[in-house]
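What follows is a single structure, written as structure tokens, with notes after it.
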Amino acid sequence: MSTTSLLLQEPTSGPATEDTTAHVQARSLTRIWGRGAAAQIGISDIDIDLHRGELVALIGPSGSGKSTLGSLLAGIDQPTSGSLVVGGDRIDGMRPDRLATWRGQHVGIVFQDFHLLPTLTALENVELAIELGLARVGRRDRRARAMSSLEQVGLGDLSRKLPAQMSGGEQQRVGIARAMVREPSLLVADEPTGSLDQANGHEVFELLTGLAHHGTTIVFITHDLALASDADRVVAMIDGRIDSITDRGGR
Amino acid sequence: MSGFVHQFRRAPGRILASVFALALAVGAVGVLGVPTVAGGTLDAAVERDGLADILVATTPIDADQLASVAALDGVAAAEGQVVVAVETTDGIETSLIGLDLDDQTMDILQLTEGRLPAEPHEIVTSSGFGTVGDRLVVDDTALEIVGHGGTLRWADSAVAYVDLESVLARTGGTNQLVITAVDDGIDELRAIADAARDVLADEGAAFTEFPVYLPDGSTPIDADIEQVSNLIGLLGIVAGLVALVLLASTTTTLITERTREVAVMRALGGRSRPLRRRLRRIAISITAVGLAVGLPLGVLISNLIARMVLEEFVGVTPGLAVDWMVVALSAVGALLGARLVAARAAARVTRLPLAEALRDRDGAPYGRSSGQRLAARIPTGGLFARLATRASLRRPARTVAVVVQISAAVGAAFLVPSLVTSVNGFNAASTAPWTWESLTSSRDPGLPFDVDGLEGHDDVEAGVYSFGEIDDWEVDVYGLESDTRFFQSELRSGRSPSAGSREAMLSAGFADRRGHDVGDAISIELASGPATFVIVGTAEDAGRALYVDRDVLAADLGAPGGANVVWSSDPAPALELPVATDVVTADELAAESRAGRDAIVTIFGAIGVVVAGVAALAVVSSMTVSLYERRHELATLQAIGARRRRLRGLLVRELVPIGLVGIAGGVVLGALGTRGIIGSFEASNAVDIGVVDATGALPFIVLATLAVLIMLAALVTRSVGRRPVAVTLRGAA
């Protein structure tokens with residue numbers, strides 16, 4: 001991927017053209033915290049479609065709403081208004097337990113702060129994602145898949161380490177292994193390379209690109225414009241709205 | 001204080017919970033003040049009433065005989081009083097207490113309402129006994145109530161006080177001798193009583209009951225108060241223990257959760273010493289607020305319980321009193337404890353490697369200790385089981401604290417019913433040897449019944465019931481027919497006394513504790529003076545009693561052929577007796593025994609509820625804080641697909657083992673506590689009481705404890721589930 005081939009588009013305004021092939025369809029998506037004078041707008045009136053196997057980079061300054069949009073797409077937050085359909089499931093307004101099950105089956109999340117469970121080893125953290133999302137996988141198979149996922153991120157040797165015994169970069173890679181082990185249809189990664197050096201960051205990006213090639217829709221939230229330029233589309237946000245969408249046109 | 005305000009703004013719910021729990025714990029320590037509050041009231045009453053040092057019933061004595069006693073060495077003053085058992089025309093059984101109202105130096109009547117009697121037909125009654133202006137008719141004489149009041153000696157009875165002169169005619173002389181000694185040591189009082197007995201004997205009078213000695217300003221219920229105080233002290237220690245654990249865990253939490261904040265300050269150049277000082281101030285300010293609420297609460301609790309104790313055992317309502325020593329020690333202990341624990345926690349927080357502390361979200365990185373790393377290498381059970389186990393290992397001090405708190409709650413909850421069942425068992429064992437349906441006893445002193453006069457009745461048996469002292473222990477002395485039908489105790493050793501012999505049977509528990517065996521000669525101090533018997537058997541009667549031949553005892557007491565009790569197989573025997581009597585049936589006695597037990601249960605139940613409540617609150621407070629700290633972990637689990645049911649299951653897996661260990665510890669604590677308390681009773685009374693563990697209460701205690709923990713898990717899960725996962729996780733970041 002190259003930054004030179006980016007195609008600038010006008011920012012979206014009003015409902016997007018109906019795209020029946022879209023894996024993710026967000027319409028008038030708005031998230032506001034608080035009420036009245038204390039109301040704080042996270043995102044406002046967002047329309048966006050994401051396709052299967054597409055790698056979309058969300059960029060923008062701090063407070064622009066990238067993480068809020070990512071949280072809504074991942075189903076860990078609920079919009080104040082608007083609709084959100086992922087893989088044919090309308091998830092806005094879904095009840096918490098159903099949403100949790102849905103996340104377990106369809107979504108992988110990589111957090112900026114890793115959010116590994118501190119009392120579980122790297123392998124167990126990844127295994128836990130399988131247990132919660134793919135209940136029918138046997139213990140042995142679960143372990144093998146978790147190990148394979150860790151090996152993919154280059155952490156096969158550290159599988160028995162606890163998060164406190166690992167560096168930030170290693171913990172982030174465990175988080176990525178945990179997110180991708182269930183082969184989700186949607187993976188939301190919130191600044192996954194923030195704690196990594198350039199080489200490791202690129203490695204992680206390549207991993208995500210590989211997942212996208214296998215049909216996973218990737219939402220990649222980053223400040224790294226160099227990495228973002230390698231995405232299929234770059235969505236730039238500002239003040240809770242989409243400022244521009246740059247389509248590389250590759251997919 | 002600004003530290004407290006700042007912390008309060010930061011997490012008002014948790015700070016309030018900590019302060020409230022701490023305050024209640026400090027308040028519970030206030031029960032330690034009960035003995036002082038109660039003792040202070042009694043001392044004040046003794047001082048006010050001029051309670052005599054020796055109280056003894058006598059045959060009627062006149063002014064000359066009284067003067068002879070007053071002239072004895074060591075006697076400061078001797079007064080005669082009259083006690084007459086009467087029944088009003090309304091059927092109220094009471095006693096007329098004749099006092100020399102114009103010239104009293106002892107047992108001074110204290111008025112609470114109205115005035116003293118000025119006429120022979122005027123009386124003052126105990127509070128609640130009639131109303132001023134009412135008339136009681138006794139033997140065709142109308143007595144007008146002109147006031148209410150009482151003396152400490154009769155505080156727990158409903159009696160009527162009259163001027164001495166107006167009742168002297170009924171007895172032919174005073175029949176109660178009260179003496180104040182120059183020196184009120186017990187040995188001096190015994191010497192005076194012996195001398196008084198001899199003087200009266202020389203002049204044809206006698207003691208009809210064993211003297212009551214009140215040495216060193218004591219009161220007749222000092223022994224009861226002391227036992228109650230011992231119990232309260234034990235429960236107070238449990239409360240204090242819980243308070244300390246709670247204080248330690250609250251303080252540690254308040255500091256540890258600031259690990260990251262402190263790390264940031266260190267990274268920005270903050271020096272460790274001022275940071276530690278700041279952390280200590282936070283803990284101490286919260287403890288100070290807890291004390292500000294808890295100390296008045298403690299004073300209130302101690303006064304409420306002291307009031308219950310004194311009203312039950314003495315019939316005296318105490319005023320508000322404060323045990324400043326307990327207040328001061330609670331305050332100093334809490335502040336010192338908070339300072340020490342805070343210093344330790346602050347030192348740990350400021351010594352953590354900076355990089356690790358900056359990464360840490362909740363002050364408890366897992367994997368620092370070898371035990372934690374070892375646990376991570378033992379993949380026992382499923383992933384959720386491992387999460388649960390390791391969560392307990394993550395903060396071992398807190399886990400231990402919660403276990404101790406649960407143990408204290410369960411211990412208190414088990415101890416109280418165990419005391420009840422033990423008291424029940426003791427009561428049952430005390431009455432078990434007696435097979436009568438009714439007991440008729442003389443309400444006047446001495447042995448006024450004529451045994452020969454009762455010979456014709458098949459269903460009755462006359463006996464003697466008196467008191468004596470063996471080895472300075474007061475004992476019940478029973479004079480029984482050798483072939484008695486109404487007393488059939490199991491024998492631990494030997495046999496029953498033979499007819500007409502100076503043989504005796506002694507309570508087995510007392511005999512064991514005092515080292516008396518079958519074959520020993522035993523000396524007993526009776527109202528009439530010393531007497532000697534030979535022990536031929538020991539009885540399993542749960543009491544402290546000596547059983548001898550009735551006629552021998554009556555002769556020893558100076559009334560051959562006399563008796564003062566009649567046992568009967570008929571609940572309402574038709575007896576013609578020469579004096580006023582009390583009749584009590586076996587059912588009434590059992591009910592009375594139950595009422596006495598209920599009163600004790602109420603008092604200790606109240607203390608137990610305070611201790612168990614404080615401990616339960618401490619558990620809930622600690623667990624809430626602990627679970628609150630883990631909200632990010634729970635949110636992470638939700639983010640990767642865990643439903644609330646799984647979260648609840650995880651918390652239950654965590655809490656139930658802790659709860660079970662706590663319950664086990666509590667049951668042991670309760671059982672040991674019961675044994676300690678009963679043991680102290682046995683030692684201080686030289687009797688066998690025996691412990692009956694309230695095993696029937698255990699299922700309820702276990703279920704209640706587990707229910708609280710499961711409910712806690714459900715509440716936390718519910719509160720976690722209400723917040724969007726992203727919001728909680730952002731809070732973590």
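This one's a predicted model, so the numbers in the text were calculated from it and none came from an experiment.
Among A/Q78, A/Q112, A/R178, the residue with the largest count of heavy-atom pairs under 4.5 Å with chain B is A/R178. Looking only at heavy-atom pairs under 4.5 Å with chain A, the residue among B/A375, B/G367, B/A642, B/G382 that has the most is B/A642. Listed options B/A391, B/A376, B/A635 were ranked by heavy-atom pairs under 4.5 angstrom with chain A; first place goes to B/A376. Here B/I640 is the residue among B/L637, B/L393, B/I640 with the most heavy-atom pairs under 4.5 Å with chain A.
With B/F384 as the aromatic partner, B/R646 meets the cation-pi criteria of under 6.0 angstrom to the ring centre and within 45 degrees of the ring axis.
At least one donor-acceptor pair under 3.5 Å links the side chain of A/R182 to the backbone N or O of A/V107. Using a distance-only test at 3.5 Å, with no hydrogens or angles considered, a donor-acceptor pair links the side chain of A/N125 to the main chain of A/L117. Formation of a donor-acceptor pair under 3.5 Å by the A/T30 side chain with backbone atoms of A/D45 is found in this model.
The list of salt bridge (Lys or Arg N to Asp or Glu O under 4.0 Å) pairs with a residue in residues 84-109 of chain A, not counting sequence neighbours, reads A/R90-A/D92, A/D97-B/R644.
Proximity to chain B (any heavy atom under 4.5 Å) is shown, for A/W102, by neither the backbone nor the side chain. Both the backbone and the side chain of A/L120 have a heavy atom closer than 4.5 Å to some heavy atom of chain B. For chain B, the nearby parts of A/L128 are the backbone and the side chain; heavy atoms of each come within less than 4.5 Å. Both the backbone and the side chain of A/E124 come within contact range of chain B, judged by heavy atoms closer than 4.5 Å.
Remark: A/H23 engages no residue in a ring pair (Phe, Tyr, Trp, His ring centres under 6.0 Å) (not counting sequence neighbours).
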